[in-house]
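For reference, the structure is listed below as structure tokens.
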Amino acid sequence: MRTPWWSARTIAACALVTLALAGCTAGGGGEPVGSSGPSATGGTATPSPTPTPTSAPEAVIVVASVDADGKAVTTSGYVNGIIEDGGSCAFTLTSGTSSVTTTTVGRADTSTTSCGQGITPIEKLSRGTWKVVLTYTTVAQITVDSEPMSVEIP
């Protein structure tokens, strides 16, 4: 199942609005809704920590270029907002009605999921401009697409 790019962002925005509204006061009295004011021991209520919002997943192409020897196109990328092993990275090169896909396995690193390098033999591609898109499919089958990047095949 393919999830539109805006779905995760919309959910994250709604969560942030909900958290923001939870801190509003009722009737302008200065006390948060549900607060009983100072405790029986004379202190004040301890505020709860605010959860850190997570970013919406974003696939990013780092490299899409013809190798120096002209025998292959190397692609690489990563996914922000997801840290996991085992997802599928698909580097799809498209020109007109032609399409070639090279896949790799996602690997968790400290802050992202790395897609490593995809190597596409040059003989699979005709001369001209090709668009490259990285599609990452999580272990839970959520799909994230990158913005396209162009590569010129000589």
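This structure is a prediction, so every number in the text was calculated from the model and none was measured.
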For this session: Ignoring hydrogens and angles, tell me if any N or O in the side chain of D85 forms a donor-acceptor pair with the backbone of A108 under 3.5 Å.
Result: yes

Problem set entry | T101 to T103 - nearest heavy-atom pair and separation | CG2-CG2, 4.1 Å

For this session: Tell me yes or no: between the side chains of N80 and T112, is some donor less than 3.5 Å from an acceptor?
Result: no

Exercise. How about I122 and K124: do any of their side-chain heavy atoms sit closer than 4.5 Å?
Worked result: no

Problem set entry | Separation between OH of Y136 and CD1 of I142, rounded to the nearest 0.5 Å | 10.0 Å

Exercise. For atom CD of E84, is the number of surrounding heavy atoms from other residues, nucleotides or ligands below 6.0 Å larger than 12?
Worked result: yes

For this session: May I ask whether Y78 and V63 are part of the same hydrophobic cluster, defined by side-chain heavy atoms of I, L, V, M, F, W, Y residues being less than 4.5 angstrom apart, directly or through others?
Result: yes

Seminar exercise, completed: Rounded to the nearest 0.5 Å, the CZ atom of R107 sits from the SG atom of C89 at a distance of 9.5 Å

For this session: Could you tell me whether the side chain of T143 reaches within less than 4.5 Å of the side chain of Q141, counting heavy atoms only?
Result: no

For this session: Please step through side-chain contact (heavy atoms from CB on, under 4.5 Å) for the pair W130 and V73, ending with a clear verdict.
Result: CA-CA 11 Å; W130 288 70; V73 171; over 6 Å; no

Exercise. Do you know which two heavy atoms are closest between S114 and D109, and how far apart they sit?
Worked result: CB-OD2, 4.1 Å

Problem set entry | Close side-chain approach of V100 to L125, heavy-atom, < 4.5 Å | yes

Problem set entry | Over all atoms of both residues, closest heavy-atom pair of E152 and G128 | OE2-C, 3.4 Å

Exercise. Between CD1 of I82 and OG1 of T113, what distance do you get to the nearest 0.5 Å?
Worked result: 6.0 Å

Exercise. Given side chains that start at C-beta, do those of F91 and T135 come closer than 4.5 Å, heavy atoms only?
Worked result: no

Problem set entry | Check: V151 and L93 side chains under 4.5 Å, non-hydrogen atoms | yes

Exercise. What heavy-atom pair brings V105 and G86 nearest, and what distance separates the two atoms?
Worked result: CG1-CA, 3.9 Å

For this session: Kindly say whether K71 contributes a backbone atom to a donor-acceptor pair with the side chain of D69 at under 3.5 angstrom?
Result: yes

For this session: Measure the CD-CG distance between E58 and L134 for me, rounded to the nearest 0.5 Å.
Result: 10.5 Å

Problem set entry | Option among T92, T75, T102 that satisfies the side-chain hydrogen bond (donor to acceptor under 3.5 Å, both in side chains) test with T120 | T102

For this session: Only one of S76, P148, S146, C115 passes side chain to side chain contact (heavy atoms under 4.5 Å, CB included) with I61; say which it is.
Result: S146

Seminar exercise, completed: All heavy atoms of I83 vs all of T110, minimum pair found to be CD1-O, 3.9 Å

Exercise. Are any non-hydrogen side-chain atoms of V66 and P154 less than 4.5 angstrom apart?
Worked result: yes

Problem set entry | Polar contact flag, side-chain donor to acceptor under 3.5 angstrom, K131-T94 | no

Exercise. How long is the span from the OG atom in S65 to the CE atom in M149, to the nearest 0.5 Å?
Worked result: 9.5 Å

